[in-house]
Number of protein chains: 2
Amino acid sequence: MKNNITIKDVAKQAGVSISTVSRVINDSKPVTDEVKQKVLDVIKETGYIPNPLARSLVTKKSQLIGVIVPEVSDSFVNEILNGIEEVAKMYDYDILLANTYSDKEQELKSINLLRAKQVEGIVMISWIVEQEHINYMQNCGIPATYISKTARDYDIYTVSTSNKKATFDMTKYLIDKGHEKIAFIMTSKDDTILEMERLAGYEEALEQNNIKLDKNLIKYGGTEYENGYQSMKELLDEGIIPHAAFVTGDEAAIGAINAICDAGYRVPEDISVAGFNDVKIAKMYKPKLTTVHQPLYDMGAVAIRMVIKLINKEILDNKKVELPYKIIDRESVIERK
Amino acid sequence: MKNNITIKDVAKQAGVSISTVSRVINDSKPVTDEVKQKVLDVIKETGYIPNPLARSLVTKKSQLIGVIVPEVSDSFVNEILNGIEEVAKMYDYDILLANTYSDKEQELKSINLLRAKQVEGIVMISWIVEQEHINYMQNCGIPATYISKTARDYDIYTVSTSNKKATFDMTKYLIDKGHEKIAFIMTSKDDTILEMERLAGYEEALEQNNIKLDKNLIKYGGTEYENGYQSMKELLDEGIIPHAAFVTGDEAAIGAINAICDAGYRVPEDISVAGFNDVKIAKMYKPKLTTVHQPLYDMGAVAIRMVIKLINKEILDNKKVELPYKIIDRESVIERK
DNA sequence: CTGAAAGCGCTAACAA
DNA sequence: TTGTTAGCGCTTTCAG
């Protein structure tokens, strides 16, 4: 019943030595066709599967790549995960998953855990990348790439899109549509690099168009629906009715839309709303969300390909890959009359 | 830099034998406090991490559980995944992920792959469970639980909710709201057990309320947004305007809503729509989706706890766990006047 | 081309 | 309580 067949059994049954069997399953050294066939037959017959544990133990290759995510059920995350998974499979790697709930402690723990499991590389998806983690990671010398909304100038492998430029573009897009009083609702706590960059993009666009920055229009929340809802509600409760709201995350943007509607305004007729990421729901929602498209699947695919290359000691020409974003013009933003 | 420290190094440095080191790290046999402390110190100093591969090789326990899913980015799936992940961590298991895209071949392959990786158990999320897989799985004698919308009477461990009853209840709910012409849009191809059960629930509710079954109101699609959209569109194009639509999946339900709106009708004023699963988006959408709540997170949690128990040879009183569902009364269904 | 033997890092008898 | 030793299943020299 169970897979107790070992290389020994195969060897015995085929009347050869275990090394010969090893050779045929790995194609590592020449073996007479005749013998080879014999071994192959026995393998098929017995249903023998080499034990990768034993193999890994000697080769020091586990064919495992660890993936650390803040939360599997976040759509930003799981679309990336799809890309990771698929490419991993192509290269015969398996994915070891670790959820951190954005907890710093947990992230560190996960790194350890994965390391212990002998993963050959790690892809880390994290909202906020911290020097501490990087040091830690680099110390253990395990190939890693980061997918993070922050492309800060840490000396690490990252795949991302240009936040500043994307934010600038979307803001400008909004301005071009006639909006001036543009709320800016961010999806992470203040003071991270990410926010700095985005804020910079936002401010720059405003400035270039001679719109005075109004700090009251800026809110910090989280990536979730509820956060967006909350931030928008606060704004409205403060009596601020913007022409448009730019929310740097789609789920939060949808939250914001709902807050707007609950307050008795219409989207986009009264207030336009733009999102960020172009997550699956973005095109399912009504109104369909105008947003910044990030190639989530590709980001995952690229990231893992990078660590695989790293594992194979290939040289990457770039530590930082920036994938192109695109503004997706849908229904939640309209021209302001 | 790298984690090359082995048990030997620790032993040498602590001036003890490797077995002693093994004992302290596993707490398996009494060791003098003094010696123990010494060893612990050295471990801390060197940053030694036991190699689980080597350990697994001898203990035959990999601390790995395989999870096979149709697609990570499906919200039904990833909410379950969250539950799985969390409980796994509690029990010190790691998750090996395999995506199948609902491909039968791929599912079989994944089982093999995971098996090869020495997983101790498998949780399988699959739309359709097939006898072939079950046989295969049972043949390799590896503990497994299935999370599937079908609770068919296979002799396997499953966690699910009662489809028939849930469908019945929701249909009845719709009828009680004054709807008679109720479209029934299913999220999988015809002829699976799942559909049979659901259909039975639907038909029964109709019958009990003296509503004649109209086959034209029944459509088969898939779980995705597009599928729901498509099915609904077809219906409308055929000139059938139902009072309500019951779509057995939230994303598809949202697709249906969009199709309805695109055709110039309003939800829920003209047509009510009900979903199934109560996925994250269900409460984000506008109108908020009236749906059958399935405890996704819990389903994952329960499923993996079951396989862990199975792994530990504990006896489960029930092969089949049915978790309670609940009708969530939100905005997409209203009383018909 | 093939086999014998060493050893990957660890656990678990078995002695001492 | 501790050390010695024999493997776990496999790859990989090294002889032949």
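Just so we're on the same page: letters track the sequence lines, and every chain starts at 1. Atoms considered below: every heavy atom in the structure, side chains included; atoms not considered: hydrogens, waters and symmetry mates.
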Rounded interatomic separation in angstrom, taking [atom1] from [X] and [atom2] from [N]:
{"X": "B:I18", "N": "D:dG7", "atom1": "CD1", "atom2": "P", "result": "15 Å"}
{"X": "A:L57", "N": "C:dA6", "atom1": "CG", "atom2": "P", "result": "18 Å"}
{"X": "A:R23", "N": "D:dT13", "atom1": "CZ", "atom2": "P", "result": "11 Å"}
{"X": "A:K12", "N": "C:dG3", "atom1": "NZ", "atom2": "C1'", "result": "16 Å"}
{"X": "B:K60", "N": "C:dA12", "atom1": "NZ", "atom2": "C1'", "result": "13 Å"}
{"X": "A:D9", "N": "D:dC10", "atom1": "CG", "atom2": "P", "result": "9 Å"}
{"X": "A:R55", "N": "D:dC8", "atom1": "CZ", "atom2": "P", "result": "18 Å"}
{"X": "B:D27", "N": "D:dT2", "atom1": "CG", "atom2": "C1'", "result": "16 Å"}

Under a plain distance cut-off of 3.5 Å, with no hydrogens placed, do [Y] and [X] share a side-chain donor-acceptor pair?
{"X": "A:E79", "Y": "B:S73", "value": "no"}
{"X": "B:Q63", "Y": "B:D92", "value": "no"}
{"X": "B:Y157", "Y": "B:N318", "value": "no"}
{"X": "B:S19", "Y": "B:S17", "value": "yes"}
{"X": "A:S126", "Y": "A:E107", "value": "yes"}

Identify whether any heavy atom of [X] sits under 4.0 Å from a base atom; if not, whether one sits that close to sugar-phosphate; answer base, sugar-phosphate or nothing.
{"X": "B:T32", "answer": "sugar-phosphate"}
{"X": "B:K29", "answer": "nothing"}
{"X": "A:S19", "answer": "base"}
{"X": "B:L53", "answer": "nothing"}

**OP:** Select from B:D33 and A:S22 the residue whose nearest nucleotide in DNA chain D is closer to the 5' end of that strand.
**Re:**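 In this pair, the answer is B:D33.
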Among [options], the nucleotide that comes nearest once only the side chain of [X] is considered:
{"X": "B:S17", "options": "D:dG3, D:dC10, D:dG7", "answer": "D:dG3"}
{"X": "B:T6", "options": "D:dT11, D:dC14, C:dC10", "answer": "C:dC10"}
{"X": "A:V16", "options": "D:dG9, C:dT2, C:dG3", "answer": "C:dG3"}
{"X": "A:I7", "options": "C:dA12, C:dC10, D:dC10", "answer": "D:dC10"}

**OP:** Using the closest heavy atom to pick a nucleotide of DNA chain C for each, name whichever of B:N26 or A:A54 lands nearer the 5' end.
**Re:**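 Residue closer to the 5' terminus by nearest nucleotide: A:A54.
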**OP:** Considering just the side-chain nitrogens and oxygens of A:T20, establish if one lies under 4.0 Å of OP1 or OP2 belonging to C:dG3.
**Re:**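 A:T20 to C:dG3 OP1/OP2: side-chain N or O found under 4.0 Å.
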